[in-house]
Amino acid sequence: MSEVKITKRLCLLKDGGRNRTSAFVELFGTWIVWDYGLNSTEYKQLYVVYKTEYAGMPLQEFVHSLSLTADQVDSITRQVALALSVAECELNFEHRDLHPETVLIRPTSRSQLTFRMDGESHSVNSCGYKATIVNFSASRATIKR
């Protein structure tokens, strides 16, 4: 269940004060689902189901379907690096499993994306795309109660 807690806390960074980013997937709900299997009264598998925003396609698929310019690659890299920096600053966050399948890309009409770290704003030219980080199953964070 730590993945659920981390996901919920990362979502709150979009409204953060000194540390702010909207580059983590927005969570709308979570449910626990048991698979009882056929003709069984004992559950066989427990699943956590997430309802999230549409955050785009995995970077790995995105790169193969389109040819990105150097500026677009630079923008996506900066977005991911700044998002991780903001989360580390706020929550001592470590993703621990970041790869092209855990970074989603979607088009955006916003020309600039702003990140705030320790009260200082950093802007990145979007170059038409917004990066969103997902899948926190191997992550760690310090979440204060």
Side-chain angles (χ1 to χ4, degrees), residues 1-38 43-144:
M1 288 304 163
S2 64
E3 180 181 2
V4 175
K5 289 179 185 177
I6 290 171
T7 304
K8 285 181 176 182
R9 185 58 185 90
L10 288 169
C11 290
L12 295 177
L13 288 176
K14 73 181 184 324
D15 300 319
R18 290 185 52 78
N19 299 297
R20 181 182 298 170
T21 179
S22 63
F24 293 98
V25 69
E26 188 168 354
L27 183 64
F28 297 126
T30 57
W31 296 268
I32 297 174
V33 179
W34 286 270
D35 176 7
Y36 289 97
L38 295 174
Y43 73 87
K44 296 184 186 233
Q45 182 68 46
L46 174 68
Y47 297 94
V48 177
V49 178
Y50 293 89
K51 180 179 180 183
T52 66
E53 69 177 317
Y54 173 74
M57 66 176 12
L59 178 59
Q60 183 172 340
E61 292 176 30
F62 190 82
V63 168
H64 293 301
S65 67
L66 295 171
S67 56
L68 296 172
T69 67
D71 286 342
Q72 290 168 329
V73 171
D74 181 64
S75 172
I76 291 166
T77 303
R78 288 176 187 267
Q79 290 176 51
V80 171
L82 280 166
L84 292 172
S85 295
V86 168
E88 181 181 9
C89 189
E90 180 72 15
L91 304 168
N92 295 318
F93 174 76
E94 296 172 7
H95 193 284
R96 296 183 173 177
D97 190 31
L98 191 67
H99 52 81
E101 289 290 319
T102 60
V103 176
L104 304 183
I105 306 298
R106 70 172 180 233
T108 183
S109 59
R110 296 180 57 198
S111 61
Q112 294 281 315
L113 301 170
T114 304
F115 301 79
R116 188 179 304 154
M117 189 167 36
D118 278 338
E120 185 176 324
S121 291
H122 303 269
S123 291
V124 174
N125 289 329
S126 72
C127 296
Y129 295 104
K130 181 181 186 305
T132 302
I133 301 170
V134 299
N135 189 353
F136 310 111
S137 59
S139 300
R140 67 157 294 281
T142 303
I143 299 175
K144 299 172 187 164

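Below, each value reflects all heavy atoms present in this structure, side chains not excepted, and no hydrogens, waters or symmetry copies.
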Any donor and acceptor pair, going by atom type alone, linking the side chain of Q72 with main-chain N or O of T69 inside 3.5 Å? yes
So L91 and L10, do their side chains get closer than 4.5 Å, heavy atoms only? yes
Evaluate side chain to side chain contact (heavy atoms under 4.5 Å, CB included) for N125 paired with D71, printing each intermediate quantity in order. CA-CA 9 Å; N125 289 329; D71 286 342; over 6 Å; no
To the nearest 0.5 Å, tell me how far E94 CD sits from S139 OG. 9.0 Å
4.5 Å side-chain heavy-atom contact, L27 and T52: yes
Just by distance, do the side chain of N135 and the backbone of S137 share a donor-acceptor pair under 3.5 Å? yes
Please give me the minimum heavy-atom distance between A141 and F93, naming the atom from each residue. CB-CD1, 4.2 Å
Taking the side chain as every heavy atom from C-beta outward, state whether H95 and I133 have any atom pair closer than 4.5 Å. yes
Taken to the nearest 0.5 Å, the spacing of R20 CZ from L12 CG works out to 12.0 Å
For the pair Q79 and S75, evaluate side-chain hydrogen bond (donor to acceptor under 3.5 Å, both in side chains) and give the outcome as yes or no after the intermediate values. CA-CA 6 Å; Q79 290 176 51; S75 172; 2.9 Å; yes
Hey, what do you get for OG (S126) to CD1 (I76), rounding to the nearest 0.5 Å? 10.0 Å
Within-4.5 Å side-chain heavy-atom neighbours: L82 and T21: no
Minimum side-chain heavy-atom gap C89-R18 below 4.5 Å: no
What I'd like to find out is whether the side chain of R78 reaches to under 4.5 Å of the side chain of H122, using heavy atoms alone. no
From F115 CZ over to L84 CG, what is the distance, rounded to the nearest 0.5 angstrom? 10.0 Å
Between R140 and R96, is the side chain to side chain contact (heavy atoms under 4.5 Å, CB included) condition met? List the steps. CA-CA 8 Å; R140 67 157 294 281; R96 296 183 173 177; 2.7 Å; yes
Shortest non-hydrogen contact from D97 toward T102: O-OG1, 3.5 Å
Might you confirm whether atom NZ of K8 has over 12 heavy atoms from other residues, nucleotides or ligands at distances under 6.0 Å? no
Does the pair V80 and L98 meet the rule for a side chain to side chain contact (heavy atoms under 4.5 Å, CB included), with working shown? CA-CA 10 Å; V80 171; L98 191 67; 3.8 Å; yes
F62 and L68, any side-chain heavy atoms less than 4.5 Å apart: yes
Under 3.5 Å, is there a donor-acceptor pair between the side chain of N19 and the main chain of D118? yes
Tell me if the centroids of the rings in F136 and Y50 come within less than 6.0 Å of each other. no
Using 0.5 Å steps for rounding, measure from the OG1 atom of T30 to the NZ atom of K5. 12.0 Å
Measure the shortest side-chain to side-chain distance between E53 and V25 over non-hydrogen atoms and say whether it is less than 4.5 angstrom. yes
To check you understand the geometry: which heavy-atom pair defines the closest contact between R106 and T132, and what is its length? NH1-OG1, 4.5 Å
Kindly compute the distance separating CE (M117) from CD (E88), expressed to the nearest 0.5 Å. 9.0 Å
Quick check: does any side chain N or O of K130 sit under 3.5 Å from a backbone N or O of S22, one acting as donor and the other as acceptor? yes
